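Bear in mind the structure is a predicted one, so any value in this text is a computation, not a measurement.
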2 protein chains.
Amino acid sequence: MKQQAIFRALADPTRRAILKRLQGGALSAGDIGAAFDITPASLSHHFAVLKQADLVRTERRGQYIVYSLNSTLMEDIARMVLDLFPPHSPKGGKR
Amino acid sequence: MKQQAIFRALADPTRRAILKRLQGGALSAGDIGAAFDITPASLSHHFAVLKQADLVRTERRGQYIVYSLNSTLMEDIARMVLDLFPPHSPKGGKR
DNA sequence: TAGATATTTAGACAACTTTCTAAATATCGC
DNA sequence: GCGATATTTAGAAAGTTGTCTAAATATCTA
């Protein structure tokens with residue numbers, strides 16, 4: 001798990017917005033881009049960063065390339081973040 | 001809560017290492033810096049970024065300036081991150 | 001196969017970051 | 001108050017990032 005790639009990917013607001021946009025399900029690059037005032041080329045760059053961090057997965061579907069969240073990473077990421085802070089209630093439990 | 005400041009602060013490996021170093025308790029700027037091959041001036045810059053994100057607090061103690069984690073932010077940050085991904089098991093439960 | 005649509009790659013540029021050295025500020029002990 | 005120690009501020013250099021335009025690649029439809 002490339003911690004640095006993940007933190008770096010999350011540092012940009014456009015990329016976080018892309019992730020949010022994908023919460024509803026997979027979308028084509030174009031459909032994602034429709035929400036942003038940015039060129040397709042710039043979008044593509046952000047996708048590359050997200051992909052390198054393995055935060056999104058791609059699948060070509062005919063003419064389109066469809067992006068989806070890699071939500072299996074979620075717990076890892078949460079752990080990564082929590083790991084930066086001292087334990088609250090050391091074992092068993094959240095809450 | 002300045003989401004952007006927080007994500008930006010976490011994006012740098014030196015700053016994450018500083019946070020880890022503070023897990024054991026408050027330390028002076030110099031004590032923190034002892035672990036890094038970096039000038040005091042550069043360290044100070046990183047402290048400023050962490051402070052701006054409110055991830056650390058400072059207190060002058062005589063000659064020293066003592067840094068400590070603002071761990072009350074921890075849950076907010078975890079939520080911020082998890083918020084980027086779709087809910088796993090919607091209500092009640094973790095695990 | 002040709003033209004249209006969707007996306008990425010290449011290359012350039014401005015803005016921001018990380019780092020440095022040098023100088024400024026604050027506090028301590030004498 | 002002076003000199004020493006601790007930290008920050010200022011200003012500059014090198015590297016990285018986010019954006020753009022132009023061109024390349026892939027797929028669809030006719």
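The end-to-end axis angle of the helix from C:dT1-D:dA30 to C:dC30-D:dG1, rounded to 10 degrees and based on five pairs per end, is 30°.
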Pull out every protein N or O sitting under 3.5 Å from an N or O of nucleotides 15-17 of chain C, one pair per line with the distance.
| residue | atom | partner | partner atom | Å |
| --- | --- | --- | --- | --- |
| C:dT17 | OP1 | B:Arg8 | NE | 3.2 |

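Between the CG atom in B:Asp31 and the OH atom in B:Tyr67 there is a gap of 12.5 Å [rounded to 0.5 Å]. The distance from atom CG of B:Leu19 to atom OG1 of B:Thr14, rounded to the nearest 0.5 Å, is 11.0 Å. With rounding to the nearest 0.5 Å, the separation of CG in B:Leu10 from CE in A:Met80 is 9.0 Å.
Residue B:Ser44 places none of its side-chain N or O atoms closer than 4.0 Å to OP1 or OP2 of D:dT7. A close approach under 4.0 Å does not occur between any side-chain nitrogen or oxygen of A:Ser28 and OP1 or OP2 of C:dA6. Between A:His46 and D:dT17 there is no side-chain N or O to OP1 or OP2 distance below 4.0 Å. Between B:Thr39 and C:dT19, a side-chain N or O to OP1/OP2 separation shorter than 4.0 Å is absent. Considering only side-chain N and O atoms, A:Tyr67 lies under 4.0 angstrom from the phosphate OP1 or OP2 of C:dT8.
Of the charged side-chain nitrogens involved, at least one lies within less than 4.0 Å of a carboxylate oxygen, so that B:Asp83 and A:Lys20 count as a salt-bridged pair.
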From CA spacing to verdict: side-chain hydrogen bond (donor to acceptor under 3.5 Å, both in side chains), B:Arg16, A:Gln4: CA-CA 10 Å; B:Arg16 291 199 303 278; A:Gln4 179 52 33; 2.8 Å; yes
A:Ile32 and A:Phe47: CA distance, side-chain angles, deciding distance, side chain to side chain contact (heavy atoms under 4.5 Å, CB included) verdict: CA-CA 10 Å; A:Ile32 296 168; A:Phe47 293 146; 3.9 Å; yes
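Closest heavy-atom contact between B:Thr72 and B:Asp76: O-OD2, 4.0 Å. Across B:Ala53 and B:Ala5, no two heavy atoms sit closer than the pair CB-O, 3.5 Å. Summarising the geometry of B:Leu55 relative to B:Ala9, their closest heavy-atom pair is CD1-CB, 3.7 Å, with the distance given to 0.1 Å. Of all heavy-atom pairs spanning B:Arg8 and B:Arg15, the tightest one is O-NH2, 3.3 Å.
Counting to the nearest Å, the C1' atom of C:dT27 and the CD atom of B:Glu59 are 15 Å from each other. Rounding to whole angstrom units, CG of residue A:Leu43 and C1' of C:dA6 are separated by 12 Å. For B:Asp31 and D:dT7, the CG to C1' distance is 13 Å, given to the nearest whole Å. In this entry the distance linking CZ of A:Phe36 with C1' of D:dT19 reads 15 Å, nearest Å. Rounded to whole angstrom, the span from the CD1 atom of A:Ile65 across to the C1' atom of C:dT7 amounts to 5 Å. Look at CZ on A:Phe7: it is 19 Å from C1' on D:dT17, rounded to the nearest Å. As rounded to whole Å, 12 Å separates atom P of C:dT9 from atom CD of A:Gln52. Taking atom CZ of A:Phe47 as the reference point, atom P of C:dT8 lies 7 Å away to the nearest angstrom.
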Reading 5' to 3' through nucleotides 24-30 of chain D, protein heavy-atom contacts under 4.0 Å coded B for base, S for sugar-phosphate only, - for none: --SSS--
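Of the residues listed (A:Lys51, A:Gln52, A:Arg57), the one engaging A:Asp54 in a side-chain hydrogen bond (donor to acceptor under 3.5 Å, both in side chains) is A:Arg57, and it is the only one.
Of the residues near DNA chain D, A:Ala41 and A:Ala11, the one whose nearest nucleotide (by heavy atom distance) lies more toward the 5' end is A:Ala11.
With contacts defined as side-chain heavy-atom distances shorter than 4.5 Å, the pair A:Tyr64/A:Leu27 does not qualify.
Nucleic acid contact class of B:Ala29 (heavy atoms, under 4.0 Å, all strands): sugar-phosphate only.
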